[in-house]
Structures are given as structure tokens and as C-alpha cells.
2 protein chains.
Amino acid sequence: MHSPAIVADKYREQGRRLTPQRKLLFALMHGNETHPTAEGLFAVASKRMPGISLRTVYQTLDELSAMGEIQLMHCDGEAVRFDSNVEEHHHAVCAETGELFDVYVDNINSLRAQLPAGFEVENVSIVFHGRLAEKKSKSPARPQTVRAKTTKRAPRRTSRGSNK
Amino acid sequence: MHSPAIVADKYREQGRRLTPQRKLLFALMHGNETHPTAEGLFAVASKRMPGISLRTVYQTLDELSAMGEIQLMHCDGEAVRFDSNVEEHHHAVCAETGELFDVYVDNINSLRAQLPAGFEVENVSIVFHGRLAEKKSKSPARPQTVRAKTTKRAPRRTSRGSNK
DNA sequence: TGCTTATTTGCAAGTCATGCGAACAATGCT
DNA sequence: AGCATTGTTCGCATGACTTGCAAATAAGCA
Ligand SMILES: [Mn+2]
Ligand SMILES: [Mn+2]
Ligand SMILES: [Zn+2]
Ligand SMILES: [Zn+2]
């Protein structure tokens, strides 16, 4: 997502108005790597602007996504998460905490896949499911080859996690 | 998913009862490659057994998933889809029709990904978004290297498709 | 400052899914 | 076969998340 100033310009160019709500949300989403849900962002926004409406948060996030400033992510059965990173990237989900991390994969097109005949791929999304080792040594992300346990995928329970 | 007979045995072993509803649903899910939603399966089941309850369909699908006979799939913002294929595999979604196809990828572990430090991958799910070329020549699926257009991902609209 | 019109907001409504318990029926026993 | 036991089904209420709607509000501009 572009800087709040630039997003503001885009808004003006489109005849949209710059409200305090929007300005706040631009600021909160800019550089936000937490992939928040609407409710999550609403909670944060409410601290700085008590009374802001959840409806407005949804609306603004939808605008930003329509403008290509953010992306929507449907993760499992949970609420939609909003991603301020619109670069081509993928995700890692911690089964422990539910945290979502950005993951860059450089050699996607080396995937050998048996696609249906005539299927034209437009884009690929990869989700790495796993967990963060306890001791969080703050060494930077390092490139690594995936060593997923290629055992039969474990049956997942049906619950839709609630994030209250 | 195992054959209805085998699933029936597993049910008996667990002290569960074999009801006509369950038998029908076993049959409808066995070998089913359409990745139906609960409502979708309910619609089909209702033809053969008018009066069957949607609640029962949900319940039976949950049982089967808890027993590892089927998998749940959360696809975009749509309803959960149930997958009778529990082998390690991935999916291709047609943006046109919403159809979901199974895709086998043999070299997942050759992916070069920059995962968060300390992240231990348990499994990877890949979704190929794209579309089926109109003329459906019925040539079989053939292995192919992915040539996804690596342009910035297109902004997706926010709607949750309704599948009435 | 005042007008026009985009926004915000609260609440209703919608969709998908789960909780609940009374009515029902598969199974096992006599 | 008849009966008791207890797992199931099913309808309805409830819940989580999201969108529709329109009245009240407030940007942007003359
Ligand atoms: Mn959702
Ligand atoms: Mn869902
Ligand atoms: Zn991301
Ligand atoms: Zn599948």
C-alpha cells in the first residue's frame, strides 16, 4: 500500500473526500504487516478515534482493495484479513498463534504440476502451514528449501475459529 | 475417501449407527471430485431422499472429516467445500465457473521460500487460480511447468459469492 | 458562510455454520 | 418379533461475519 499521502492524493483525484476516519485507517494500514481483520483494525482504530464505526472500517478497506492498495485474504474459515502488501508474495500461517507472515518464493514457475488440460494459470497462491519454533531468535528470514513433511495431510477439524 | 462399505465398517467399529442418511451420503461423497459444499451435497441428496436435513449433511460431513475420510477446504469467501480426496494434492480454481480441480505437484520441496526464521513447515497448500480454455478438448491432464503471469496480483473485489 | 453531495453510522438483513433438545429409529437383547 | 437403550435426525434458535440501507453528518467548494 502506498503512503497515506499518496493514497490521499488518489482519493482526491477520484473525487473522494478525505475524512479523519480515512486518514486514520490509511495510517494504520500503511506498512501494516499483521494482516488484520476488519474487527482487528477496528479495535486499533477505536483507541485513537473512539466512536469510529466498524461499518466505516469495512467500507474503507473495501475501497482500498478496489483501488488496488490492499488485498483481501480469505484464510481458512476465519474472517477476511487485509493485506497491505500487494506485491507478489505468499504466506506462512502459524498453527499456534494464527499469525500470518509474508513469504517470498522466487521459483514458483519451476513447479511441476499436473493441471487440468486447457487450464491457464493466472496466479498461484501458496500457504505454508506450520509453526514458529518457541525461542524466537531474531535472526532475519533466510531463504530455505521447503522440507514439508510429505505425509498424508492431517484431517482438520471443522471449527471456524472465533477471534474474540 | 474409502468405499461406502469400508466407511460403514469404521462407523460400526466406533459404535456409530448406520442410518439411510449416512449411507446415502457415503455413496454421494465416494469418488466425488466436485468438492461440493454442504448445501450442494444437500441438494443432490435431497433428490434421492426428500426430507433429509441440511443439518444432517453438515453433521455427517463433519464426522467424515473428523475420521479423516474427507477434508475441508475453505475457498475464498465461499462456503466450505468438502474434498473426498485426502491424498496430498493441491487445487486449481477456474475463475470463470468456480470449479475446483485436483492438482498433483511432485516437486514442492524444491520451492525456494524465504520463511520467517524458526518457522517449521508442516504442510503446504497451493492454489492455482486461472481459467479453463473454452474448447474443452478432452485430452488428459499433462504435467506442465507453471507459467503464471508474475505480474502484480490483481486487486480482488470484496464480494462473497452466493451460490444459490 | 452556505450548499451540495459524499460519508459515516447504526441497525436490519443475509449467508454460512453450529448449539440444542425433542422426536425418531438403529441396534442389541429377550 | 417386541422392547429398551441410546445414538441420530431435524427444525429452529443462535452466532459470526459481512453487506444493504437511509437518515444524520460533514467534506469540499463557491
Ligand atoms: Mn468470510
Ligand atoms: Mn465460511
Ligand atoms: Zn501478505
Ligand atoms: Zn481436492
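Nothing here was measured: the structure is a model prediction, and the numbers come from that model. Naming: A, B, ... by sequence-line order, numbering from 1 per chain. Both backbone and side-chain heavy atoms feed into the values below; hydrogens, waters and symmetry mates do not.
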Classify the side-chain pair [X]/[Y] by whether it contains a donor and acceptor separated by less than 3.5 Å.
X      : Y      : result
A/T97  : A/E99  : yes
A/Y104 : A/E87  : no
B/H129 : A/S125 : yes

Touch class at under 4.0 angstrom, heavy-atom based, for A/I52 against every strand present: sugar-phosphate
Distance in Å, A/D83 CG paired with A/M29 CE, rounded so as to fall on 0.5 Å steps: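 Atom-to-atom, A/D83:CG and A/M29:CE are 7.0 Å apart.
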From [atom1] of [X] over to [atom2] of [N], roughly how many Å is that when rounded to an integer?
X     : N      : atom1 : atom2 : result
B/L72 : C/dC16 : CG    : C1'   : 14 Å
A/Q14 : D/dA27 : CD    : P     : 19 Å
A/D62 : D/dG20 : CG    : C1'   : 13 Å
A/L41 : D/dT18 : CG    : P     : 13 Å
A/L54 : D/dA16 : CG    : C1'   : 12 Å
A/R55 : D/dG20 : CZ    : C1'   : 7 Å
B/F42 : D/dT9  : CZ    : P     : 14 Å
B/Y58 : D/dG15 : OH    : C1'   : 13 Å

Candidate pair A/F42 and A/Y58, rule ring pair (Phe, Tyr, Trp, His ring centres under 6.0 Å), full reasoning: CA-CA 9 Å; A/F42 170 66; A/Y58 269 111; 9.1 Å; no
Heavy-atom protein contacts under 4.0 Å, nucleotides 21-30 of chain C, coded B base, S sugar-phosphate only, - none: ----BBS---
A/R48 CZ: over 12 foreign heavy atoms closer than 6.0 Å: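 Open: at most 12 neighbouring heavy atoms sit under 6.0 Å from CZ of A/R48.
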Phosphate-side-chain proximity, A/T56 and C/dT9, N/O vs OP1/OP2 below 4.0 Å: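 So the side-chain polar atoms of A/T56 do come within 4.0 Å of the phosphate oxygens OP1 or OP2 of C/dT9, strictly under.
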